[in-house]
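A short write-up of the structure that comes next.
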Amino acid sequence: MVELSTVEEGTLERTLNEWTAKGWNLDGVQFAMREASKRPAMAFVFFTREGAAASHDEDAARARLMRLSETGGPTAVLASEPPSESEDGGMPRIHPLSARERLARLAGLDEPDPVEEGLMLEPEE
């Protein structure tokens, strides 16, 4: 898929020529319209080509998702807070956040709620 933010005859033509020259076949074009205009705001040009199906390592993908849910992804870490300077004055140190801590910061909470292991209900008297 190729995303075009400028939708004009020339950009569509250049995109089609570029990707078909690389061996891709045009599969379709989808336009994203603006409410206030009949002119499209964006275009998504879809290409396909024959080849062997990609193999996926499901165990590695699950392990990566678990690791990201515990520590947060690199982008979440960078966006979480301005990095503090390291002692040597070189590269800033990045402090990883868990997904729970990141969501708490996005929600505007100073500190996330403590994780409860179990909930004990008191009987009503």
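- Closest non-hydrogen pair, T15 versus F47, comes out as O-CZ, 4.0 Å.
- When all heavy atoms of V7 and A43 are compared, the closest pair comes out as CG2-N, 3.5 Å.
- Of the inter-residue distances, the one linking L16 atom CG with N25 atom CG reads 11.5 Å to the nearest 0.5 angstrom.
- Considering every non-hydrogen atom in both K38 and M33, the closest pair reads O-CE, 2.9 Å.
- Remark: R67 CZ to R62 CZ distance equals 15.0 Å, nearest 0.5 Å.
- Taking both residues in full, the closest heavy atoms of R49 and K22 are given as NH1-O, 3.5 Å, listed atom of the first, atom of the second, then distance.
- Between V29 and L26, the shortest heavy-atom distance links the atoms CG2-CD1, 4.2 Å.
- Interatomic distance, R14 CZ to L4 CG, rounded to the nearest 0.5 Å: 9.5 Å.
- To the nearest 0.5 angstrom, M42 atom CE is 10.5 Å from R34 atom CZ.
- Put simply, F31 and V2 are part of the same group of oily side chains (I, L, V, M, F, W, Y) that touch within less than 4.5 Å, one to the next.
- The 12-atom threshold is exceeded at CE of M1, counting heavy atoms of other residues, nucleotides or ligands nearer than 6.0 Å.
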